[in-house]
*Asks:* 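Here it is, the structure, as structure tokens.
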Amino acid sequence: MSFFNFFHSRRITGKEESQATSFITREVEGKPRAVVLVLGFAGSKPRHVAKYANIYNLNKCTTVAGTASNSDILVYNKAGLDALAMDAVQNVAKALRSIQTDNDKEKVPVVMHIMSNGGAFVMTRLGLLLEAAAKKEKKEGGSADGTEDLRLFAERLRLGYQIFDSAPGYISVKSGFIVIMEMIPNKFIAIPAALAFITVSYLRKVATVVIGQQSVGEEFWNLLLDDRSCMRQAYIYSQCDEVCDSVKIEEMAMQRKDRGVHVMTKHFQDSKHVQHLRLHETEYLAFVIAVLQDMEARNTE
């Protein structure tokens, strides 16, 4: 059985099923500063993602939080990621409509808090959905069927921010191996799965060279570089992250700047993958608040 089939033949049950198919919306009293879409990392449970959502709730932001299934993340299942991305858009659009009327001049922005590649995969697929909807509306000369939520999300994301936490990670065999070993507690399952991942990764690499196509990693990275859905981004990363290479994140941030994106960064020295909040809570919270303040200042210029 291949690595791909191993994960897709499993029956997703219990918490993972909830994790893969639903988002949790938390509203705040009064008009929020933003609606924040929190996209969790591979293996994260609702209680993990809720910690990050709570940061924004305490700063008067409505949150919509959820995580793609482990199987969709590990094999970069585009269909599953697209479905989750569309679900996220619909939940955010619903939240926006519940707090604001068409006559309200001060538009509530959308912020995306993107955790590890589990969140970044969803973000890139979401960006493609927004791009496709914009092209469809342009072709049809205005509003098109099924694009209302996507148009609203795109409009408000342009007023917001994308915050990457321990992301994006340049896809490599080493990083994938580490993720699998950390995500699957049972080593009798984790080791065969990791070895299968290595085998399939090399086979895929050979296949893409033979047929002249981009690898999954190249496609993912180029989508991040070229994405135009939000021209404000923040990166939270660490020198000690074994999954996400800090040098590659710095290269990404610099290249995004070169493409006209406004970029903020927070570089830690000693925290592991998705552990920055736990080890550096005060600095982490201060940076998130600074990003929200920067967003508001830019929207009033």
Side-chain angles (χ1 to χ4, degrees), residues 7-8 10-28 32 34-59 61-99 108-130 149-150 152-154 156-157 160-169 179 183 220 224 227 229-230 234 236 273-274 277 288:
F7 279 101
H8 274 74
R10 289 188 311 133
R11 179 172 176 264
I12 300 175
T13 60
K15 291 183 179 179
E16 186 176 353
E17 182 176 23
S18 173
Q19 182 186 73
T21 59
S22 65
F23 283 86
I24 298 173
T25 298
R26 292 183 177 181
E27 298 178 344
V28 293
V35 174
V36 182
L37 174 60
V38 183
L39 297 171
F41 53 92
S44 60
K45 295 179 171 59
R47 60 184 173 84
H48 298 141
V49 184
K51 291 180 182 179
Y52 293 86
N54 191 52
I55 294 172
Y56 293 99
N57 296 146
L58 292 174
N59 282 280
C61 296
T62 289
T63 56
V64 177
T67 307
S69 70
N70 293 339
S71 54
D72 285 344
I73 293 170
L74 286 171
V75 300
Y76 194 59
N77 177 24
K78 294 179 181 179
L81 295 170
D82 286 352
L84 187 87
M86 193 64 221
D87 191 16
V89 167
Q90 291 169 345
N91 277 273
V92 170
K94 181 180 179 181
L96 287 168
R97 292 191 179 100
S98 71
I99 59 180
V108 175
V110 167
V111 172
M112 296 179 69
H113 191 102
I114 302 154
M115 304 183 66
S116 189
N117 277 0
F121 285 171
V122 179
M123 171 255 165
T124 55
R125 303 308 301 176
L126 196 156
L128 290 175
L129 292 176
L130 298 179
D149 288 347
L150 289 160
L152 177 59
F153 189 101
R156 301 305 176 82
L157 182 58
Y161 246 99
Q162 290 173 323
I163 303 172
F164 293 86
D165 179 335
S166 302
V179 168
M183 193 173 63
F220 169 63
L224 288 164
D227 184 76
S229 60
C230 184
I236 305 171
H273 192 61
V274 294
L277 175 60
V288 169

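In this text the structure is predicted, and so the values were computed from the model without any measurement.
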*Asks:* Would you say Arg26's side chain and Thr63's backbone share a donor-acceptor pair under 3.5 angstrom?
*Replies:*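 The answer is no, because no donor-acceptor pair under 3.5 Å joins these two groups.
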*Asks:* Would you check, one step at a time, whether the test side chain to side chain contact (heavy atoms under 4.5 Å, CB included) holds for Ile236 with Met115?
*Replies:* CA-CA 10 Å; Ile236 305 171; Met115 304 183 66; over 6 Å; no
*Asks:* Given side chain to side chain contact (heavy atoms under 4.5 Å, CB included), test Asp149 with Lys94 step by step and report yes or no.
*Replies:* CA-CA 8 Å; Asp149 288 347; Lys94 181 180 179 181; over 6 Å; no
*Asks:* Test side chain to side chain contact (heavy atoms under 4.5 Å, CB included) on Ile55 and Leu277 and set out the steps.
*Replies:* CA-CA 10 Å; Ile55 294 172; Leu277 175 60; 3.9 Å; yes
*Asks:* Are the side chains of Leu129 and Phe153 in contact, using a 4.5 Å heavy-atom criterion?
*Replies:*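 Not in contact.
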*Asks:* For a 4.5 angstrom cut-off between non-hydrogen side-chain atoms, does Leu130 reach Leu157?
*Replies:*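 In contact.
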*Asks:* Rounded to the nearest 0.5 Å, what separates atom CZ in Phe164 from atom CE in Met112?
*Replies:*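 Between Phe164 CZ and Met112 CE, I get 7.5 Å after rounding to 0.5 Å.
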*Asks:* Output the distance between atom OG (Ser116) and atom CG (Leu39), rounded to the nearest 0.5 Å.
*Replies:*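 One finds 11.5 Å between OG of Ser116 and CG of Leu39.
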*Asks:* Does Asn117 reach the main-chain N or O of Gly169 with its side chain, forming a donor-acceptor pair under 3.5 Å?
*Replies:*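 Looks like yes, one N/O pair under 3.5 Å.
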*Asks:* Compare all side-chain heavy atoms of Val92 with those of Phe23 and state whether any distance is below 4.5 angstrom.
*Replies:*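 Not touching, per the 4.5 Å side-chain cut-off.
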*Asks:* Which heavy atom in Pro168 sits nearest to a heavy atom in Phe220, and how many Å separate them?
*Replies:*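 Heavy-atom minimum between the residues: CB-CZ, 4.2 Å.
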*Asks:* Quick check: does any side chain N or O of Asn91 sit under 3.5 Å from a backbone N or O of Asp87, one acting as donor and the other as acceptor?
*Replies:*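 Yes, Asn91 side chain to Asp87 backbone: donor-acceptor pair under 3.5 Å.
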*Asks:* Hey, what do you get for CD1 (Ile163) to SG (Cys230), rounding to the nearest 0.5 Å?
*Replies:*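 Going from the CD1 atom of Ile163 to the SG atom of Cys230 covers 9.5 Å.
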*Asks:* Of all heavy-atom pairs between Val36 and Cys61, which one has the smallest distance, and what is that distance?
*Replies:*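 That would be CG2-CB, 3.8 Å.
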*Asks:* Of the non-hydrogen atoms in Val49 and Ala65, which two are nearest, and what is the gap between them?
*Replies:*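 For Val49 and Ala65, the tightest heavy-atom pair comes out as CG1-CB, 3.6 Å.
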*Asks:* For residues Val110 and Leu96, determine if any side-chain heavy atom of one lies less than 4.5 Å from a side-chain heavy atom of the other.
*Replies:*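 Yes; the side chains approach each other to less than 4.5 Å.
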*Asks:* What's the separation between atom CZ in Arg47 and atom CG in Asn54, rounded to the nearest 0.5 Å?
*Replies:*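 Reported to 0.5 Å precision, the distance equals 15.0 Å.
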*Asks:* Minimum heavy-atom separation for His273 to Ser166, with atom names?
*Replies:*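 Heavy atoms of His273 and Ser166 come nearest at CE1-O, 3.3 Å.
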*Asks:* Just so I know, are the side chains of Val274 and His48 near enough to count as touching, which here means a heavy-atom distance under 4.5 Å?
*Replies:*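 The answer is no; the side chains never approach within 4.5 Å.
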*Asks:* List the steps and the verdict of side chain to side chain contact (heavy atoms under 4.5 Å, CB included) for Arg156 and Val35.
*Replies:* CA-CA 9 Å; Arg156 301 305 176 82; Val35 174; over 6 Å; no
*Asks:* If you define the side chain from C-beta out and look only at heavy atoms, does anything of Asn59 sit under 4.5 Å from Val288?
*Replies:*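 Heavy-atom side-chain distance check fails, nothing below 4.5 Å.
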*Asks:* Would you call the rings of His113 and Tyr56 parallel, tilted or perpendicular if under 30° counts as parallel and over 60° as perpendicular?
*Replies:*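 Aromatic pair His113/Tyr56 classed perpendicular.
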*Asks:* Where do Gly40 and Thr67 come nearest, in terms of heavy atoms and distance?
*Replies:*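 That would be CA-OG1, 3.4 Å.
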*Asks:* Using a 4.5 Å cut-off on heavy atoms from C-beta on, say whether the side chain of Leu126 contacts that of Leu37.
*Replies:*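 Touching, per the 4.5 Å side-chain cut-off.
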*Asks:* Within a strict 4.5 Å, meaning less than it, do heavy atoms of the Ser98 and Glu27 side chains meet?
*Replies:*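 Yes, at least one pair of side-chain atoms sits under 4.5 Å.
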*Asks:* Nearest 0.5 angstrom please: Ser69 OG to Leu81 CG, how far?
*Replies:*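 Reported value, rounded in 0.5 Å steps: 7.5 Å.
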*Asks:* Counting N and O atoms only, with roles assigned by atom type, does the side chain of Asp72 sit under 3.5 Å from a partner on the main chain of Tyr76, one being a donor and the other an acceptor?
*Replies:*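 The answer is no, because no donor-acceptor pair under 3.5 Å joins these two groups.
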*Asks:* Mind listing the closest non-hydrogen atom pair of Ile73 and Ala42 along with its distance?
*Replies:*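 Closest pair (atom of Ile73, atom of Ala42, distance): CD1-CA, 3.7 Å.
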*Asks:* First locate atom OG1 of Thr124, then atom CG of Leu224, and finally report the distance between them rounded to the nearest 0.5 Å.
*Replies:*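 With rounding to 0.5 Å, OG1 (Thr124) is 6.0 Å from CG (Leu224).
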